[in-house]
Amino acid sequence: MKDVLDSLKKAIEEGQAKDASKAVQAALDAGAEPGAILRDVMVPAMDEVGRRYECGDYFLPEMLISARAMKQALALLRPRLVATDVQPAGTVVAGTVKGDLHDIGKNLVCMMLEGAGFQVIDCGIDCAPEKFIKSAQDNGATIIGMSALLTTTMPSMKSVVDAVAQAGLKGKILTMIGGAPVTQNYATEIGADGYAPDAASAVDVAKKLMAN
Ligand code: B1M
């Protein structure tokens, strides 16, 4: 099993999409738990890609092909992470904020929420405040979940929180934020209702918000 997981990590780091998918399938066939494959192998592989980019070993194209390998491998895990027979726990509109194109973390959060029985409306990437709000209103959502991976796009989260208040929806539509540079302090500072550091805790936070 260790060989398979090592080859999965290497395939994502090196952007070998076919090898990554084969390795995920092999790991699943060998009985590996989908959440553990994700947490212990695939997410650390993307962290390594970020580290290589930061120190100049990788450039944008390498990051892109690693992201493509990650996405294809994730597609194989998706059916195992998303339950189908759970009562709807609430509706969440989720998206990556304006100016930001990173969507792997956001997609994972969507999958985990769906797996926990939430109906998830995915607004995609580069999502403007009006789009978040319109989608929440159109779909009767209780929570807007925002993801940002860039320090430069974090302020877009405040724009959404402010737009919810300006639309007179504060308390009716709750806001929840996450993403690598985002912190609980930042959530408190901008008046977001919730913050989660990872996809698994995003489910706990969404459940807490629904219970309030
Ligand atoms: Co970009 N990028 N990138 N990138 N990229 C980072 C984020 C960076 C940290 C790399 C680095 O320098 N080490 C850096 C940001 C620096 C900063 O702002 N502090 C960076 C940069 C600089 C850039 C560009 C500006 C590069 C350039 O053009 N010169 C550019 C910006 C484009 C834009 O958005 N406008 C850019 C572009 C890209 C690609 C397109 C090539 C690609 C994204 C492809 C895609 O997503 N489809 C990419 C990638 C792949 C990365 C890294 C390597 C990996 C991100 C990732 O997918 N991580 C990243 C380095 C890193 O993060 N280590 C990097 C795996 C994912 C599972 O984790 O998204 O953190 P993450 O999600 C986690 C949690 O954060 C949390 O749960 C998830 C799962 O546990 N979470 C939430 C996320 N959203 C949440 C929402 C919630 C709750 C929890 O509630 C709603």
**Request:** Please report the C-alpha distance between V109 and V92 in whole Å, then the side-chain angles of each, then the deciding distance to 0.1 Å, and finally whether the side chain to side chain contact (heavy atoms under 4.5 Å, CB included) criterion is met.
**Result:** CA-CA 11 Å; V109 170; V92 179; over 6 Å; no

**Request:** Evaluate the side chain to side chain contact (heavy atoms under 4.5 Å, CB included) criterion for residues K71 and I104: first the C-alpha distance (whole Å), next the side-chain angles of each, then the deciding distance (0.1 Å), finally the verdict.
**Result:** CA-CA 7 Å; K71 280 185 155 186; I104 294 173; 4.2 Å; yes

**Request:** Apply side chain to side chain contact (heavy atoms under 4.5 Å, CB included) to the pair R68 and I65, showing each step before the final yes or no.
**Result:** CA-CA 5 Å; R68 190 185 55 188; I65 58 166; 3.9 Å; yes

**Message:** Test side chain to side chain donor-acceptor pair (under 3.5 Å) on Q25 and D29; report intermediate values, then the result.
**Reply:** CA-CA 6 Å; Q25 195 55 59; D29 292 345; 3.1 Å; yes

**Item:** Test side chain to side chain contact (heavy atoms under 4.5 Å, CB included) applied to I143 and T175, step by step
**Value:** CA-CA 6 Å; I143 299 174; T175 51; over 6 Å; no

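Using a 4.0 Å cut-off between a side-chain N of Lys or Arg and a carboxylate O of Asp or Glu, R80 and E33 do not qualify as a salt bridge. Note on D198 versus R39: no salt bridge recorded, every NZ/NE/NH1/NH2 to OD/OE distance being 4.0 Å or above. Taking a cutoff of 4.0 Å between a charged side-chain nitrogen and a carboxylate oxygen, D47 and R51 do not qualify as a salt bridge. Of the charged side-chain nitrogens involved, at least one lies within less than 4.0 Å of a carboxylate oxygen, so that E14 and K10 count as a salt-bridged pair. The pair E114-R78 meets the salt-bridge criterion, since a charged nitrogen lies less than 4.0 angstrom from a carboxylate oxygen.
By the 4.5 Å heavy-atom criterion applied to side chains, Q72 and V24 are not counted as neighbours. Side-chain contact between K106 and D122 is present, with at least one heavy-atom pair separated by less than 4.5 Å.
Under the 3.5 Å distance criterion, the side-chain polar atoms of S201 are left unmatched by any main-chain donor or acceptor of A196. Remark: the backbone N or O of H102 is paired with a side-chain donor or acceptor of D100 at under 3.5 angstrom. Remark: the backbone N or O of L150 is paired with a side-chain donor or acceptor of T153 at under 3.5 angstrom. Q137 places no side-chain N or O within 3.5 Å of a backbone atom of K134 that could act as its donor or acceptor partner. Side-chain atoms of K131 come within 3.5 Å of backbone N or O of C123 as a donor-acceptor pair. Between the Y58 side chain and the E13 main chain, a donor and an acceptor come within less than 3.5 Å of each other. With T188 contributing its side chain and Q184 its backbone, the two residues share a donor-acceptor pair below 3.5 Å.
Of all heavy-atom pairs between G140 and T91, the closest is O-CB, 4.2 Å. Nearest heavy-atom pair across P79 and L76 is CD-O, 3.4 Å. Heavy-atom minimum distance, M157 versus S147: CE-C, 3.7 Å. Taking each heavy atom of S21 and A73 in turn, the nearest pair found is OG-N, 4.1 Å. Between T96 and D103, the closest heavy-atom pair is OG1-CA, 4.1 Å. Considering every non-hydrogen atom in both Y195 and A187, the closest pair reads CB-CB, 3.7 Å.
D138 contributes atom CG, which lies 11.5 Å from atom CD1 of I133 (distance to the nearest 0.5 angstrom). Atom CG of residue N139 and atom OG1 of residue T142 lie 11.0 Å apart, to the nearest 0.5 angstrom. Distance check: D162 CG to K170 NZ gives 9.5 Å after rounding to the nearest 0.5 Å. Atoms CG and NZ, from L174 and K208 in turn, are 14.0 Å apart once rounded to the nearest 0.5 Å. Atoms CG and CG, from L101 and L64 in turn, are 9.5 Å apart once rounded to the nearest 0.5 Å. Between L108 atom CG and L77 atom CG the span is 9.0 Å, to the nearest 0.5 Å.
Under a hydrophobic-cluster definition in which Ile, Leu, Val, Met, Phe, Trp and Tyr are linked whenever side-chain heavy atoms come within less than 4.5 Å, directly or via other members, L209 and I190 are assigned to different clusters. Transitive grouping of hydrophobic side chains (ILVMFWY, heavy atoms separated by less than 4.5 Å) keeps M146 and F118 in distinct clusters. Grouping the Ile, Leu, Val, Met, Phe, Trp and Tyr side chains by contacts below 4.5 angstrom, directly or via other members, places M154 with V164. A continuous path of ILVMFWY side-chain contacts below 4.5 Å connects L28 to M42, so both sit in one hydrophobic cluster. L38 and V4 fall into different hydrophobic clusters, where Ile, Leu, Val, Met, Phe, Trp and Tyr side chains are chained together by heavy-atom contacts under 4.5 Å.
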